[in-house]
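Below is one structure, written out as structure tokens, with a few remarks after it.
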Amino acid sequence: YNFHEGIYGILGANGAGKSTMMNLITDNLRRDGGSITYNEAEILKMGTDYRRVLGYMTQQQGLYEGMTAESFLVYMARLKEIPRKAVKSEIDRVLEMTNLTDVRHKKVGSFSGGMKQRVAIAGVIAMEPEVLILDEPTAGLDPSGREDILTNIDNYRKAKNATIMMVSHSMSDVARLADRLLVMNEATLAMDAPPLEVFTHAQELLDMLIPERPDLHEELTIRIFKSPYWCMRDRNSATREEVIAAMSKTAPELEPYIRR
């Protein structure tokens with residue numbers, strides 16, 4: 001599979017292979033075979049050159065809560081081997097981009113969950129990595145915190161022609177930002193398409209069939225579109241009947257609503 005510039009939303013149930021794929025791409029997991037290349041160069045041979053173009057935000061933040069936002073970013077700059085003369089200007093830039101300038105001297109431990117996520121993002125976007133991997137960047141955040149993080153990601157996309165991979169369980173986040181949607185199922189790529197192509201038919205029908213259960217829409221849409229009944233079809237020309245058939249086979253609990 002070839003990743004290009006743009007945002008890729010990566011969806012899938014627990015155990016589908018999302019985290020394994022991220023760990024392989026970031027070289028945090030030793031692989032048994034195959035190859036992963038960046039600009040046609042094998043990443044294992046690139047070593048630190050690959051890490052200089054890579055930004056990886058894990059789901060577990062790994063922040064030092066006794067540090068201030070600024071001191072944490074100085075620490076990250078040293079790990080990234082950013083030239084000493086460039087550190088201050090680079091930290092000023094990422095603090096401004098993530099709206100943290102006013103709290104740069106406050107300890108991370110005093111921050112809300114959303115602010116901690118912004119500190120983590122500031123750390124990974126320092127020196128403008130060309131490959132940015134975000135693992136559940138909005139997990140556990142309230143609506144305000146989620147909006148801040150999505151805005152930060154969108155701002156980075158606009159400022160830098162990067163390849164951004166965003167693993168998420170939130171279909172609404174993916175639909176808002178992603179240029180392409182990848183659905184993982186049992187360690188394989190079950191689907192690769194633009195989000196609107198994926199969501200249009202299913203979302204319309206779910207709104208119509210079970211408007212009283214919006215809480216089920218995201219889960220059911222993922223299940224429908226990762227199924228072999230649906231993935232084998234031409235999604236551009238799918239009929240209403242084909243979508244309903246896929247729903248019936250992959251989400252039996254919809255049957256009473258479909259037939260009523």
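Values below: every heavy atom of this structure, side chains too, minus hydrogens, waters and symmetry copies.
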Going by heavy atoms in the side chains, are [X] and [Y] under 4.5 Å from each other?
X: S19; Y: V167; result: no
X: R118; Y: I149; result: yes
X: M165; Y: M22; result: yes
X: I133; Y: L54; result: yes
X: R157; Y: D179; result: yes
X: I153; Y: L134; result: yes

- Task: Run the numbers on E136 and K18 for salt bridge (Lys or Arg N to Asp or Glu O under 4.0 Å), then give the verdict.
- Result: CA-CA 11 Å; E136 297 285 357; K18 304 185 301 297; 5.7 Å; no
Does [X] [atom1] have over 12 foreign heavy atoms under 6.0 Å away?
X: R78; atom1: CZ; result: no
X: E96; atom1: CD; result: no
X: K160; atom1: NZ; result: yes

- Query: If you measure from the Lys or Arg side-chain nitrogens to the Asp or Glu carboxylate oxygens, is any gap between E81 and R51 under 4.0 Å?
  - Reply: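 Result for this pair is no, no salt bridge flagged.
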- Query: Would you call D173 and R176 a salt bridge, taking side-chain N to carboxylate O under 4.0 Å as the test?
  - Reply: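 No salt bridge links D173 with R176.
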Which heavy atom in [X] sits nearest to a heavy atom in [Y], and how many Å separate them?
X: R93; Y: I125; answer: NH2-O, 3.3 Å
X: L11; Y: S168; answer: CD2-O, 2.9 Å
X: E42; Y: S35; answer: OE1-CB, 3.3 Å

- Could you check L44, I43, T37 and say which one makes a side-chain contact (heavy atoms from CB on, under 4.5 Å) with Y50?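 With Y50 as partner, L44, I43, T37 yield a single side-chain contact (heavy atoms from CB on, under 4.5 Å), made by I43.
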- Query: When I164 is tested against each of V131, I7, L177 for side-chain contact (heavy atoms from CB on, under 4.5 Å), which residue passes?
  - Reply: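 Considering V131, I7, L177, a side-chain contact (heavy atoms from CB on, under 4.5 Å) with I164 is found only for I7.
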- Message: For the residue pair N28 / T26, report whether a side-chain donor-acceptor contact shorter than 3.5 Å exists.
- Response: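 Yes, because at least one side-chain N or O of T26 sits under 3.5 Å from a partner of the opposite role on N28.
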- Task: Sort and list the pairs that fulfil ring pair (Phe, Tyr, Trp, His ring centres under 6.0 Å) and have at least one residue in residues 71-121, not counting sequence neighbours.
- Result: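 Non-adjacent pairs meeting ring pair (Phe, Tyr, Trp, His ring centres under 6.0 Å): Y64-Y75.
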- Task: Using the test ring-ring contact (aromatic ring centres under 6.0 Å, His included), find all partners of Y56 that sit at least two apart in sequence or belong to another chain.
- Result: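 Partners of Y56 under the ring-ring contact (aromatic ring centres under 6.0 Å, His included) test: none.
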